[in-house]
Number of protein chains: 2
Amino acid sequence: MPRSPDGTRTRRGELKERLIESALSLIEKQGLASLKARPLAEKAGCALGAIYTVFPDLDGLILAVSARTLAKLEAHLDAITVPDVEGRASPHEVALQRLVALALAYLDFAFAHRASWRALFEHRLPEGRPVPDWLIADQARLFDKVEALLEPLVPQLAAPDRATLARSLFSAVHGLVLLGLEEKLGVMAFPMLREEVARLVTAMARGLAAT
Amino acid sequence: MPRSPDGTRTRRGELKERLIESALSLIEKQGLASLKARPLAEKAGCALGAIYTVFPDLDGLILAVSARTLAKLEAHLDAITVPDVEGRASPHEVALQRLVALALAYLDFAFAHRASWRALFEHRLPEGRPVPDWLIADQARLFDKVEALLEPLVPQLAAPDRATLARSLFSAVHGLVLLGLEEKLGVMAFPMLREEVARLVTAMARGLAAT
DNA sequence: ACCCAGAAATGAACATTGTTCAAGAAGAAA
DNA sequence: TTTCTTCTTGAACAATGTTCATTTCTGGGT
C-alpha cells in the first residue's frame with residue numbers, strides 16, 4: 001500500500017487500491033475476459049486515462065490482481081487446522097492428514113473464488129514480457145507449503161527431490177481442481193470432487209511412501 | 001471433409017480445410033492469442049470476409065481446430081505400444097505399465113504440440129455459448145482410454161466409480177503436464193518431467209490398489 | 001456467343017476494444 | 001494575484017472481429 005513520505009495514504013495509492021478491488025469484483029462477476037478498461041474506470045470512479053497513470057497497461061493491473069488473489073489464497077491455506085489426534089497418530093499419519101487438508105483447502109478456495117482463481121492461471125502475458133519476479137516468488141510459496149509436509153511422509157527422499165515432488169503433488173491436485181470445476185466437461189458434484197481429491201492425495205502419499 | 005453430392009470436394013470444403021490448417025499453423029507458431037482474422041485470411045489465401053462464409057465466427061473456427069487437435073491426440077495415444085513381457089508379468093503389472101505409457105504419451109504430445117494442445121484448454125467460449133456436444137464427446141473419449149485400463153488395477157471398484165476415477169487420474173496427469181510445461185513457473189527439464197509423471201502415476205495406482 | 005439470374009467472394013465500413021497525449025484543471029510557490 | 005508545476009481528463013488513434021452492399025463468377029437457356 002503506497003504511502004507518501006509522511007505516512008499518509010497517497011491519492012495514487014487509493015486509486016490503485018480502488019482499481020484492484022474493482023477489477024477483482026468485475027472478474028469475479030463475469031470472468032477475466034470481461035475485464036474492460038471503460039467499465040473498470042466507471043466502477044472505480046475515475047477517468048479512462050487514470051488507469052494508465054497507475055498501471056502501465058491492463059496486464060499490469062491484472063498482475064496486481066493476481067498478487068492480491070495469491071495473498072488471499074495463501075491466507076486461506078494458512079488457516080487450516082487439523083483436529084489433532086492427541087499423539088495417538090503417528091507423525092506419518094498426521095502429515096498425511098495435513099496434506100489432505102491442504103489439498104481440500106485449495107479446492108475450497110478455488111470453488112469459492114472460481115473466477116479470480118482461474119484468472120490466476122488463465123491470464124497470459126504477451127509474448128516476450130517476463131512474469132515479474134515477485135509474482136513467481138508468490139507462487140513458489142505455494143509449493144513450499146506442500147514441501148513442508150513431505151519430510152515425514154517420504155523420509156527416504158533427499159531435499160531437492162522433495163522440492164520436485166512437492167511441485168508435482170501440487171500440480172496433480174491443481175489438475176483435479178481445474179478439470180473438476182471446468183464446466184466444459186460437466187462439473188462434478190462438489191462433495192464428490194472433495195472425495196476424489198482426498199482419495200487421490202491419500203493414494204499418492206501411500207504409493208510414494210512404499211517406494 | 002465436406003463433399004458435394006457427386007463426391008468431389010467442394011470449394012467451401014477446401015476453404016474450410018485451408019483455414020483450419022492455417023489456423024493450426026499460426027497457433028503453433030505464436031499461440032492462440034495471436035490468431036487474428038486478417039493474418040489468417042492472408043495465410044489461407046482468401047478474403048477477410050471469406051472466413052465468415054465458412055464459420056460463424058473465429059470461435060467457431062477455433063472449435064474446429066480443437067476437434068482437429070483432439071483427433072491428432074487420440075491417434076497419438078492409440079499408437080502407443082508396451083513391450084509385452086511375454087506373460088511373465090501379472091495382468092496388474094501389465095495394466096500399470098500401459099497406464100504409465102498412456103500418461104507419458106499424453107505428456108509427449110503436449111510437449112510436441114505445446115501451443116495447439118494448450119489452446120484446447122485455454123480457449124473459452126463467450127458466456128452463454130454452449131460447447132458443442134460433439135466436442136464434449138471427443139474429450140470424453142480421452143477419459144474412456146484411461147477407464148479401459150483400470151479394471152485390472154482396481155478390481156474392487158464398481159464401474160461408475162471407475163469412470164469417476166478415470167476422470168480424476170486424467171486430471172491429475174493433466175495438471176502435471178500443464179504446470180510442468182508452464183514457463184511461468186520455470187519449465188522443468190523434460191526428462192525429469194517424464195520421470196515425475198511415471199512416478200506419480202505409479203504411486204497413485206499402487207496407493208489405490210491398496211485401498 | 002450472348003445474356004441473365006442466382007450464388008459466391010470481396011474488402012470497405014462499422015463497432016468495440018486498449019492505449020496515448022494535447023489540453024485543461026488543480027495545486028504550489030511567489 | 002500571478003506564474004509555474006503537476007496531475008487528470010477524455011477525445012482521438014490503432015488494432016481487431018464482424019457485417020453487408022457491391023462485384024465477380026458460374027451455369028443454363030436462347
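Here is the naming used below: chain letters follow the sequence lines, and residue numbers restart at 1 for every chain.
Within 4.0 Å (heavy atoms only), B:L35 reaches sugar-phosphate atoms of the nucleic acid but no base atom. Contact annotation for A:L61: no contact, since no heavy-atom pair falls under 4.0 Å across all strands. Within the nucleic acid shown, A:L48 comes within 4.0 Å of at least one base atom, counting heavy atoms only.
Going from atom CD of B:E14 over to atom P of C:dA9 covers 11 Å, rounded to whole Å. If you take CZ of A:R12 and C1' of D:dT8, they are 12 Å apart, rounded to a whole angstrom. Spacing between atom CG of A:L26 and atom P of C:dG18 amounts to 11 Å, rounded to whole angstrom units. Between A:I51 atom CD1 and C:dG18 atom P the separation is 8 Å, expressed in whole Å. Rounded to whole angstrom, the span from the NZ atom of A:K36 across to the P atom of D:dT16 amounts to 16 Å. Look at NZ on B:K16: it is 13 Å from P on C:dA9, rounded to the nearest Å.
Salt-bridge formation is detected for the pair B:R199/B:E196: a Lys NZ or Arg NE/NH1/NH2 atom is positioned less than 4.0 Å from an Asp or Glu carboxylate oxygen. Salt-bridge check for B:E122 with A:R124: passed, with a basic side-chain N closer than 4.0 Å to an acidic carboxylate O.
Among D:dT18, C:dT10, C:dG18, the nucleotide with an atom closest to any side-chain atom of B:Y52 is D:dT18. Considering only side-chain atoms of B:R38, the nucleotide from D:dG17, C:dT19, C:dT10 that sits closest is D:dG17.
Taking the centre and axis of the six-membered ring of B:F109, the NZ or CZ atom of B:K72 falls outside the cone set by 45° and 6.0 Å.
For A:H76 and A:Y106, the distance between ring centers is not under 6.0 angstrom.
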